[in-house]
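Residue numbers run from 1 in the order of the sequence given. Hydrogens, waters and symmetry mates play no part in the numbers below; they use all other heavy atoms, side chains included. Here the structure is a predicted model, which means the values were calculated and not measured.
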Amino acid sequence: MANYSSYSHFVVTFPTTNIAHVEINRPSKLNAFNTAMWLEYGDIFNKLSIDSSVRAVVLSGRGDRAFTAGLDLMSTDGFTTFDESADPARRALALRRFIKGFQDAIGSVESCEKPVIVVLHGISFGIAIDISSCADIRLCAADTKFSVKEVDIGIAADIGTLTRLPKIVGSLSWVKEVAYTARIFGAEEALKQGFVSTVLPTKAEAVAEGLKLATLMAEKSPLAVQGTKAIINYSIDHTIQEGLEFTRVWNAAAVQAPDPTVAIQATLQKKKATFAKL
């Protein structure tokens with residue numbers, strides 16, 4: 001297993017076998033993100049993606065008030081640093097590289113081979129929407145307050161919300177409304193629009209539900225679960241025929257593993273299957 005103890009702004013624990021629990025750990029600042037945090041965040045999920053001891057991940061925020069309040073606007077490390085003496089084209093190139101690094105780090109949850117369940121609570125603004133839009137499953141506590149906050153700081157959201165959110169919920173009108181106005185919406189509205197799949201009364205209950213789901217996933221064949229994630233994610237951005245072709249290629253290899261035989265035998269014998277690490 002990889003070492004996850006060196007991070008300053010995140011706590012990674014393993015509450016049960018094959019389950020990782022990642023917690024944003026800056027509650028004194030409402031878990032607001034600075035540059036050091038998103039760099040750590042990307043590194044954590046890139047490690048989890050290839051850690052054979054991990055089969056499912058739960059992501060939540062420490063503290064009672066916020067999952068994350070978004071970007072730390074008071075941070076001294078700066079988000080956009082470039083050579084002021086450079087010409088506009090070179091400054092723009094530096095900014096594009098910076099933004100891509102930020103996008104890739106937050107997108108590491110989506111590209112993580114393992115299923116990731118995000119559990120939101122309290123203030124969930126700005127980057128909270130970017131992060132949760134990348135996750136496979138979104139749960140929240142009843143006290144969650146969401147906002148696509150970026151227009152309030154004078155920018156268009158650029159880390160993924162405007163690209164992913166329209167593909168998650170059913171109403172483009174609603175997406176544009178919340179993105180253009182930055183208005184706050186609650187857990188029940190998020191559930192109604194399909195942004196979250198479940199609302200729990202408290203943060204503790206939401207985290208417990210996330211861990212329960214992760215445990216159920218981890219009992220399945222990791223080859224099957226990770227293959228399912230890969231196929232669904234590919235199919236979102238491709239035609240039905242392209243998705244079917246991708247599935248054929250994937251399963252032409254995957255069905256040659258022992259996992260299907262192990263799963264079928266366990267079902268017939270009415271016992272829990274044991275699958276090899278992946």
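By the criterion of side-chain heavy atoms lying less than 4.5 angstrom apart, applied directly or through intervening Ile, Leu, Val, Met, Phe, Trp or Tyr residues, Y180 is not grouped with L172; the two fall into different hydrophobic clusters. I127 and I117 fall into different hydrophobic clusters, defined by Ile, Leu, Val, Met, Phe, Trp and Tyr side-chain heavy atoms under 4.5 Å apart, directly or through other members. By the rule that hydrophobic residues join a cluster once side-chain heavy atoms approach within less than 4.5 Å of another member, I131 and L162 end up as members of separate clusters. No continuous path of ILVMFWY side-chain contacts below 4.5 Å connects I19 to F275, so the two sit in separate hydrophobic clusters. In the hydrophobic clustering of ILVMFWY residues, with side-chain heavy atoms under 4.5 Å counting as a link, V119 and I129 come out apart.
For the side chain to side chain contact (heavy atoms under 4.5 Å, CB included) test with I44, the passing option among L59, V109, V12 is V12; the others fail.
You'll find the ring centres of F33 and W38 outside the 6.0 Å limit.
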Check your understanding: Do Y7 and N25 pass the side-chain hydrogen bond (donor to acceptor under 3.5 Å, both in side chains) test, and can you show the C-alpha distance, the side-chain angles, and the key distance before you say yes or no?
Key -> CA-CA 10 Å; Y7 298 105; N25 186 32; over 6 Å; no

Check your understanding: Would D43 and E40 satisfy side chain to side chain contact (heavy atoms under 4.5 Å, CB included), going step by step from the backbone distance to the final call?
Key -> CA-CA 5 Å; D43 188 64; E40 286 191 351; 5.6 Å; no

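Other residues, nucleotides and ligands contribute more than 12 heavy atoms inside 6.0 Å of the NZ atom of K47. For K229, the NZ atom is densely surrounded, since the number of other residues' heavy atoms within 6.0 Å is greater than 12.
Taking the six-membered ring for Trp and thresholds of 30 and 60 degrees, F102 and F98 have ring planes more than 60 degrees apart, a perpendicular arrangement. Ring pair F185/F146 is parallel by interplanar angle, where below 30° counts as parallel and above 60° as perpendicular.
In this structure the side chain of K212 never reaches within 4.5 angstrom of the side chain of T215, judged on heavy atoms. At a threshold of 4.5 Å between non-hydrogen side-chain atoms, the residues S197 and I137 count as touching. The shortest side-chain heavy-atom distance between E110 and N233 falls under the 4.5 Å cut-off.
Ion pairing of K114 with D51 is absent here, as no side-chain N (NZ or NE/NH1/NH2) approaches a carboxylate O to less than 4.0 Å. By the 4.0 Å N-to-carboxylate-O rule, R248 lies close enough to E245 to be salt-bridged with it.
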